[in-house]
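Residues take their numbers from the sequence shown, with the count starting at 1. Quantities reported herein were computed from a predicted structural model and do not represent experimental measurements.
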Amino acid sequence: MSFSPGKFLHDVRAEAERVTWPSRRATLVTTGAVLAMAGTASVFFFVVDQLIGLGLRQLFGLGG
């Protein structure tokens, strides 16, 4: 079985033409949703971390 770089590039181009690319608006909406969820998760875990830390400081009397 031989490998032909020319055939490979032709096949890659043919596959790329079959791809359904999202519109600019769909890309921006999806990106915004991902950033919003990442921000929400960050705030949530920060608050949970602070509450757990506060609870442990109260329980063990550590930290100031």
Side-chain angles (χ1 to χ4, degrees):
M1 186 173 219
S2 64
F3 175 74
S4 169
K7 180 172 180 347
F8 174 75
L9 291 175
H10 179 268
D11 291 345
V12 168
R13 179 171 290 182
E15 284 295 322
E17 289 175 358
R18 293 185 201 149
V19 173
T20 303
W21 298 101
S23 66
R24 179 175 177 85
R25 176 166 170 69
T27 302
L28 291 174
V29 167
T30 305
T31 301
V34 168
L35 292 175
M37 290 302 295
T40 302
S42 297
V43 170
F44 171 77
F45 286 115
F46 175 77
V47 170
V48 169
D49 182 55
Q50 293 299 309
L51 290 174
I52 291 172
L54 178 64
L56 288 174
R57 283 191 297 277
Q58 292 293 324
L59 184 63
F60 294 113
L62 300 174

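If you take OG1 on Thr30 and CG on Leu35, they are separated by 11.0 Å, rounding to the nearest 0.5 Å. Taking CZ of Phe46 as the start and CG of Leu51 as the end, the distance is 10.0 Å to the nearest 0.5 Å.
By the criterion of side-chain heavy atoms lying less than 4.5 angstrom apart, applied directly or through intervening Ile, Leu, Val, Met, Phe, Trp or Tyr residues, Phe45 is grouped together with Leu56 in one hydrophobic cluster. Side-chain heavy atoms closer than 4.5 Å link hydrophobic residues (I, L, V, M, F, W, Y) into clusters, and following such links, possibly through other members, connects Leu59 to Val48. Connection of Val19 to Val12 is not established within any shared hydrophobic cluster, with ILVMFWY side chains joined at heavy-atom distances below 4.5 Å, either directly or through further cluster members.
Heavy-atom minimum distance, Arg57 versus Gln50: NH2-O, 4.4 Å.
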Evaluation steps, side chain to side chain contact (heavy atoms under 4.5 Å, CB included), between Glu15 and Asp11:
CA-CA 6 Å; Glu15 284 295 322; Asp11 291 345; 5.7 Å; no
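Residues forming a salt bridge (charged side-chain N to carboxylate O under 4.0 Å, His left out) with Glu17 (at least two apart in sequence, or on another chain): none.
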